[in-house]
Amino acid sequence: MTKGQHTLVIAEAGVNHNGDVGIARRLVEAAAEAGADLIKFQTFTANKIVTATAPKAEYQMAGGDGSSSQIAMLRQLELSPAMHEELASYCTEYGIGFFSTGFDIENIDYLLGLGQRVIKIPSGEMTNLPYLRHIGSLGLEILMSTGMCSLGDIEAAIDAVEAAGTSRSEITVLHCNTEYPTPYSDVNLSAMTNIGKAFGVKIGYSDHTNGIEVPVAAVALGATVIEKHFTLDRTMPGPDHAASLEPAELKAMISAIRNIEQALGDGIKRPTASERKNISIARRSIVAQKTIRQGDLFNADNIAAKRPGTGISPMRWDEVVGRVAKRDFAPDELIEL
């Protein structure tokens with residue numbers, strides 16, 4: 001990260017609206033109040049992305065929405081076109097960017113029609129070649145989540161997008177783990193920086209851990225994009241609520257990220273404006289250790305290094321030793337040459 005760089009923080013509402021546009025509007029309000037750059041939803045048609053018999057993941061089963069299959073769960077969580085348009089307008093009203101992940105080609109094109117100009121590839125679509133080719137043909141900025149991926153999977157996806165017409169310079173690869181919540185032992189945050197080195201791409205992090213520590217650490221390691229699930233209430237039914245931040249936690253995470261951005265600085269080591277006043281207080285000067293008479297030679301027995309640092313620096317010790325005192329010096333008096 002360079003000095004002054006702003007980390008793009010995406011507050012992932014996802015499906016935590018439970019299919020209720022009123023809840024979705026409240027999520028917009030909370031994300032805007034927390035200081036997120038974008039709020040992200042999910043745009044899909046259930047019967048286009050999953051078969052009737054596809055099972056739910058363990059964390060989805062634990063969500064307790066009452067459905068037993070993915071398609072039944074997803075049908076309850078679809079946002080209609082009217083809901084999308086209402087939420088996009090509401091985001092404008094609250095000063096936060098509207099964003100959504102399109103899970104199929106038709107919905108990608110629908111989001112483009114709403115004015116979206118950044119495409120999010122979710123982890124589950126990283127091996128969907130027709131989908132990747134369509135996105136690559138658009139020539140837009142791409143965020144690519146890599147949960148469940150090997151380096152080989154990432155390379156193949158990048159190659160597919162590039163071959164379809166999008167430059168690698170337009171791709172930000174987000175390190176990700178798709179377990180909800182992700183155990184800290186499985187985060188492997190160092191993989192994020194290795195992805196950047198391996199493929200020469202911008203890097204970011206899509207987080208599913210409990211708490212805010214890992215995304216803040218990711219910013220310190222160079223993430224330019226952070227995505228984090230949030231909800232109004234972790235106890236609500238639904239697949240993702242339990243592994244999401246609540247509004248106050250989202251606000252704390254964003255505040256911490258902004259602090260880290262400032263703390264990273266420009267990488268040049270030098271005294272800062274705030275600490276220059278401490279130099280004379282904390283550093284030492286060469287002083288008389290005992291009474292020194294004019295004509296005496298300065299030596300290790302009659303001089304010492306003590307605070308304050310307003311006189312000759314002890315780094316000039318060798319220059320002072322052996323010189324003749326030009327006047328008398330009392331104990332603790334700053335030596336002058």
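These numbers come from the heavy atoms of this one structure, side chains and all, not from hydrogens, waters or symmetry mates. This one's a predicted model, so the numbers in the text were calculated from it and none came from an experiment.
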Within this structure, what is the [atom1]-[atom2] distance for the pair [X] and [Y], rounded to the nearest 0.5 Å?
X: Ser80; Y: Met83; atom1: OG; atom2: CE; value: 4.5 Å
X: Asn177; Y: Met148; atom1: CG; atom2: CE; value: 9.5 Å
X: Phe44; Y: Leu77; atom1: CZ; atom2: CG; value: 5.5 Å
X: Ser137; Y: Ile108; atom1: OG; atom2: CD1; value: 10.5 Å
X: Cys149; Y: His175; atom1: SG; atom2: NE2; value: 11.0 Å
X: Ile303; Y: Ile312; atom1: CD1; atom2: CD1; value: 9.0 Å

Grab the two heavy atoms, one from [X] and one from [Y], that are nearest each other, plus how far apart they are.
X: Leu112; Y: Leu140; value: CD2-CD1, 3.5 Å
X: Val161; Y: Met144; value: CG2-CE, 4.1 Å
X: Arg75; Y: Ala46; value: CG-CB, 3.7 Å
X: Gly204; Y: Thr172; value: N-CG2, 4.1 Å
X: Pro181; Y: Thr209; value: CB-C, 4.5 Å
X: Leu87; Y: Phe41; value: CD1-CZ, 4.0 Å

Do Glu125 and Ile135 pass the side chain to side chain contact (heavy atoms under 4.5 Å, CB included) test, and can you show the C-alpha distance, the side-chain angles, and the key distance before you say yes or no? CA-CA 11 Å; Glu125 305 306 323; Ile135 289 172; over 6 Å; no
With a 3.5 Å distance limit and no angle check, can you tell me whether [X] reaches the backbone of [Y] through a side-chain donor-acceptor pair?
X: Glu246; Y: Ala248; result: no
X: Asn302; Y: Leu297; result: yes
X: Asp153; Y: Ser150; result: yes
X: Asn107; Y: Asp104; result: no
X: Gln289; Y: Ala304; result: no
X: Ser285; Y: Pro308; result: yes
X: Asn18; Y: Pro237; result: yes
X: Gln262; Y: Asn259; result: no
X: Thr166; Y: Gly136; result: yes
X: Thr182; Y: Thr178; result: no

I'd like to check [X] versus [Y] (side-chain heavy atoms, cut-off strictly below 4.5 Å). Are they in contact?
X: Ser145; Y: Pro122; value: no
X: Phe298; Y: Phe329; value: yes
X: Leu337; Y: Arg316; value: yes
X: Val214; Y: Tyr205; value: yes

Assess the side chains of [X] and [Y]: does a donor N or O sit below 3.5 Å from an acceptor N or O?
X: Asn16; Y: Ser244; result: yes
X: Glu261; Y: Thr7; result: yes
X: Thr43; Y: Ser100; result: yes

Joint cluster assignment, [X] & [Y], ILVMFWY side-chain distance < 4.5 Å:
X: Val9; Y: Ile260; answer: yes
X: Leu143; Y: Ile203; answer: no
X: Ile154; Y: Val201; answer: yes
X: Leu174; Y: Phe99; answer: yes
X: Ile119; Y: Ile105; answer: no

Less than 3.5 Å apart, which donor and acceptor atoms pair up between the side chains of residues 185-196 and the rest of the protein, not counting sequence neighbours?
unit_1: Thr193; atom_1: OG1; unit_2: Ser190; atom_2: O; d: 2.8

Provide the full list of ring-ring contact (aromatic ring centres under 6.0 Å, His included) pairs with a residue in residues 141-169, sequence neighbours left out, each pair given once. none
Which pairs pass ring-ring contact (aromatic ring centres under 6.0 Å, His included) with one or both residues in residues 218-237, sequence neighbours excluded? Tyr180-His229, His208-His229
[X] and [Y] ion-paired at < 4.0 Å:
X: Glu141; Y: Lys120; value: no
X: Lys228; Y: Asp37; value: no
X: Lys326; Y: Glu336; value: no
X: Asp159; Y: Arg168; value: yes

Evaluate the side chain to side chain contact (heavy atoms under 4.5 Å, CB included) criterion for residues Thr45 and Ile49: first the C-alpha distance (whole Å), next the side-chain angles of each, then the deciding distance (0.1 Å), finally the verdict. CA-CA 7 Å; Thr45 306; Ile49 63 172; over 6 Å; no
Checking side chain to side chain contact (heavy atoms under 4.5 Å, CB included) for the pair Glu85/Leu114: CA distance, chi angles, key distance, verdict? CA-CA 8 Å; Glu85 291 159 21; Leu114 284 181; 3.9 Å; yes
Set out, in order, the CA-CA distance, both residues' side-chain angles and the distance that settles salt bridge (charged side-chain N to carboxylate O under 4.0 Å, His left out) for Glu333 and Arg327, then state yes or no. CA-CA 12 Å; Glu333 188 176 355; Arg327 63 174 179 84; 2.8 Å; yes
How about [X]: does its [atom1] atom have over 12 heavy atoms from other parts shown lying under 6.0 Å from it?
X: Arg234; atom1: CZ; result: yes
X: Lys40; atom1: NZ; result: yes
X: Lys277; atom1: NZ; result: yes
X: Met315; atom1: CE; result: no

Applying ring-ring contact (aromatic ring centres under 6.0 Å, His included) to Tyr110 and not counting sequence neighbours gives His84
ring-ring contact (aromatic ring centres under 6.0 Å, His included) against His241, all qualifying residues, sequence neighbours excluded: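 None.
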Got a list of side-chain donor-acceptor pairs under 3.5 Å for residues 21-32, not counting sequence neighbours?
unit_1: Arg25; atom_1: NH1; unit_2: Glu86; atom_2: OE2; d: 2.7
unit_1: Glu29; atom_1: OE2; unit_2: Tyr90; atom_2: OH; d: 2.4

Apply the test side chain to side chain contact (heavy atoms under 4.5 Å, CB included) to residues Leu245 and Ile212: give CA-CA distance (whole Å), side-chain angles for both, the deciding distance (0.1 Å), then the verdict. CA-CA 8 Å; Leu245 297 180; Ile212 68 173; 4.0 Å; yes
